[in-house]
Undergrad: 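Pasting in a structure now, in structure tokens, and then I'll have a few things to ask.
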Amino acid sequence: MPLIKGGQFVEDPFFFVPDGKAFPEEKGTIVTLARFQGEKENLFAHHTPVGVRLASNENPQVLKADLPRLAVIVLEFPKFRDGRAFSWARMLRTRFDYKGEIRATGDFLFDQIAFMARTGFDAWEVRQDFTLDEFQRAMTEISHPYQPAADGKKTIRELRASTSSGT
Amino acid sequence: MAAPVPQMLTANRLRDGDVLYWKSGAWVESLKDGEIFHEAAPANAALTAAQAYVGDNVVVNPYLFDVRMDASGIHPVKEREIIRAAGPSVRDDLGKQATDPSVRPVPRPVPRAAQPKDDDVSI
Amino acid sequence: MYRYDEFDARFVAERVEQFRGQVARRLSGELNEDQFKPLRLMNGLYLQLHAYMLRIAVPYGTLSAKQLRMLAHIARKYDKGYGHFTTRQNIQFNWPKLVDVPDILADLATVEMHAIQTSGNCIRNVTADHFAGAAADEIEDPRPIAEIIRQWSSLHPEFSFLPRKFKIAVGGSPNDRAALKFHDMALEIVKNDAGETGYRVYVGGGMGRTPYIGYVVGDFVAKPDILAFLESVMRVYNEQGRRDNLYKSRIKILANALGPDEMRRQTMVEFEEIKKAGTLQVPREELHRIDAYFAPPEFEPLPDEMPASDVDFENWLKTNVAKHRAPGYAIATISLKPIGGVPGDATHEQLDALADLMDRFGMSEIRVSHEQNLVLPHVKKRDLPAIFARLKELGLATPNAGLITDIIACPGLDYCDLANARSIPIAQKISERFADLDRQHHIGELKIKISGCINACGHHHAGHIGILGVDKKGVEFYQLQLGGSGAEDASIGEIMGPGFGQDDIADAVERVIGCYLELRKDGERFLDTYRRVGMTPFKNVAYGQDLHAAY
């Protein structure tokens, strides 16, 4: 699937290895949580960089101790209505100060991309015909947010304070 | 063997939400102009054909519903469809009934003894 | 009231353009209905029986004259000349076209209104006491914090795809006029021992298939901490609320599954972290800045006498005029429940006339109550006769606030795609049956609330007499519930038993009323008598049996 990161289409340096399949020789590996928990040390020893793919009902706090060694966390949207991943991303970024890639995969809408960016996602697996124009549009439809989020973007309240103090 | 309940096919127009009825491969705005299916096979065939209009973003949510016939014409069986065909029962100046009073529902006399009773509180 | 600055205006304008884009993508097929539906719901647009329905947000039920005039304009230009006020203080239009909705939203934006998040699995309109800023019993006006919550919850990136809808209410008085305990989350303004005002936070109330009364999750949350606290509760809900079963997905289910201790514990874990990070603290300057928008108008020192007028005026005073905190002033309730009328509906002519009336006599403020009436919160007592006369001309002077004909009813099967039964005709039948004003006063305070399906938009669980319309084998039946209350003495009505047909329900209600009148002790409202004697005597008469011998 095409991958957007940093506002560009990029080559995916990872390979998702479904449960039961062998690991590839080259490329980084992303595995499910269950597989990660079962084969953690082997993965870190032989198949770095390593990433974990979480289902929407899997709370990332179980990965807390491993986060410094995980290059990417993939959060699934099984159905766009399932908004748990917004909280998981926020948790990774602000509670655990996770510095790696947080990637969105699954059934999400264009109209959710801005919310995802705000909650800490920085990479998106998108459909084949998705364009960068669409991505840019998604990210810029609403200029200023009311509330703080994981992206640290200035809120309307902060902007108000700075404009009034600037006069 | 009992005759199958006659049915019609309805949907809402995407652009304005208006109630539509299927007739011979297209849509009409008034129930009395719509096509009646007396057998399941043509009804289902029409429902399948209606999906093309969904795909073309003309209508949403086509479905079949039961109707009955009497001396005064065709009437939906369910209250919901009676109201969809005519308009709100509390405002005869709104909905399709405003421009075509013939779609206003004919009250159905049901003998009190024959009325179903609510015999439980499960919802 | 709050006034948009450039940031608010841009926010709403961008939202309109965003929705315009979404509508275009729907019409072109780039979005199918399944994908479009959550997007249009987050802009308050439903597809109902006959047409689309647009629900416009009226934050904490407060409207300006300019906004009222715009609503009248929208009713004329895009709809069929009327609007409907809801049990969450919003207004609904029943006949907009999808293709017109972006333009409707653009028109609304010019008067600082929108339809953002009036539907969908997100945080909905924040409601508040409709007497806010005026009531004599108020501790503090709940609207400033309601405005702060409104802004915080608008397009919240983490909480726009919740398990289900989320409704927040704020009350500023020990007399709960906002039905706090039936909300997903509610704030009650309270004072601590040091005399500081803060918030008692409730969680887990709700109507619907499984009604619950909310419990206290925060005994006293200080003002600067309130958004951090609310965000904590939202996070617990977003992470753990059930998504497997539509009927178990509200926070009331989670709150009761976890129980108060565990709910508080988990909330506090989040709260400690968020508070420490500091980004959600509400600075004192911000609290004061928002407070200033809601500063009370200049009240003149006026004599406190009520002017006399005719009998009709006196009758109207009895029920529709409430005590104001400023001497010489009053709060006037404008009834949208004419005998035999559609509860909560107003024509564009009425809306325009009310805009003039509020400019002339009402210090340009009007409120929508969750009981589907309108309120002029600041009127001079000496102007009441003139106000009443004008309301009478407009058909808005029915002297029935809080009486049996002041019925709350959802749109029901006459309009709503979700309904099983009609509710408006039942309200009309009961209203006509009890039209006699002397009789209404003899009965006293009686809140009848009618819902056309289990979603309970008519709040029937909180009715002194609640009526739920059901469909049994294609026939509409109406089940009675007795003893509900949405006030600070919150209770869920008890189901009486099998339902009544549409030709019998008014009779059943009449028998229940008759039983109350026989059994009541001095000063007891219907609700009080019911709480004292229980369901049995009412059930016996409702189904046509004799009154219990013991009484």
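Letters go in sequence order (proteins before strands), and every chain restarts at 1.
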Undergrad: Between C:I145 and C:V282, is there a side-chain heavy-atom distance shorter than 4.5 Å?
TA: no
Undergrad: What closest approach, in Å, do C:P102 and C:V16 show between heavy atoms, and which atom pair accounts for it?
TA: O-CG1, 3.7 Å
Undergrad: Measure C:L227 against the heavy atoms of chain A and call it side chain, backbone, both or neither at under 4.5 Å.
TA: side chain
Undergrad: Where on A:I142 is there a heavy atom nearer than 4.5 Å to chain C: the side chain, the backbone, both, or neither?
TA: both
Undergrad: For chain C, which of A:F110, A:F80, A:F86, A:F115 has the most heavy-atom pairs under 4.5 Å?
TA: A:F115
Undergrad: Contact part of C:L162 toward chain A, heavy-atom cut-off under 4.5 Å: side chain, backbone, both or neither?
TA: backbone
Undergrad: Every donor-acceptor pair from chain C to chain A under 3.5 Å, please, each on its own line.
TA:
from, atom 1, to, atom 2, distance (Å)
C:Y2, OH, A:R160, NH2, 3.0
C:D5, OD1, A:R160, NH2, 3.3
C:D5, OD2, A:R160, NE, 2.5
C:D5, OD2, A:R160, NH2, 3.3
C:D8, OD1, A:Y146, OH, 2.5
C:D8, OD1, A:R160, NH2, 2.9
C:D8, OD2, A:R160, NH2, 2.9
C:R10, NH1, A:H144, NE2, 2.8
C:E14, OE1, A:S143, N, 2.6
C:E14, OE1, A:S143, OG, 3.4
C:E14, OE2, A:S143, N, 3.4
C:E14, OE2, A:S143, OG, 2.3
C:Q18, NE2, A:E141, OE1, 2.8
C:Q22, NE2, A:D111, OD2, 2.8
C:R25, NH1, A:D111, OD2, 3.2
C:R25, NH2, A:D111, OD1, 3.4
C:D34, OD1, A:R81, NH2, 3.0
C:D34, OD2, A:K79, NZ, 3.4
C:Q151, OE1, A:R160, NH1, 3.2
C:W152, O, A:Q147, NE2, 2.8
C:S154, O, A:Q147, NE2, 2.9
C:E158, OE2, A:S87, OG, 2.6
C:F161, O, A:G83, N, 3.2
C:N238, ND2, A:G83, O, 3.1
C:N238, ND2, A:S87, OG, 2.8
C:R243, NH1, A:R81, O, 3.3
C:E270, OE1, A:R95, NH2, 3.0
C:E270, OE2, A:R95, NH2, 2.8
C:E273, OE1, A:R95, NE, 2.4
C:E273, OE1, A:R95, NH2, 3.0
C:E273, OE2, A:R90, NH1, 3.2
C:Q281, O, A:R157, NH1, 3.1

Undergrad: Check for me whether C:R143 meets the cation-pi criterion with C:F294, that is, NZ or CZ under 6.0 Å from the six-membered ring centre and within 45 degrees of the ring axis.
TA: no
Undergrad: Taking C-beta and beyond as the side chain, do A:L70 and A:V52 meet within less than 4.5 Å on heavy atoms?
TA: yes
Undergrad: Which heavy atom of A:G7 sits nearest to which heavy atom of A:F135, and what is that distance?
TA: CA-CE2, 3.9 Å
Undergrad: Which pairs, with at least one residue in residues 20-39 of chain C and sequence neighbours excluded, count as a ring-ring contact (aromatic ring centres under 6.0 Å, His included)?
TA: none
Undergrad: I'd like to know if the side chain of C:R55 reaches the main chain of C:T118, judged simply by a donor and an acceptor atom lying under 3.5 Å from each other, with no hydrogens or angles considered.
TA: yes
Undergrad: By a 4.5 Å heavy-atom criterion (distance strictly below it), what part of A:M116 contacts chain C: side chain, backbone, both, or neither?
TA: neither
Undergrad: Taking the side chain as every heavy atom from C-beta outward, state whether C:V236 and C:L254 have any pair of such atoms under 4.5 Å apart.
TA: yes
Undergrad: May I ask you to name which of C:A13, C:G120, C:G241, C:P283 has the most heavy-atom pairs under 4.5 Å with chain A?
TA: C:P283
Undergrad: Do A:I113 and A:I4 make a side-chain contact, defined as non-hydrogen atoms from C-beta onward lying under 4.5 Å apart?
TA: no
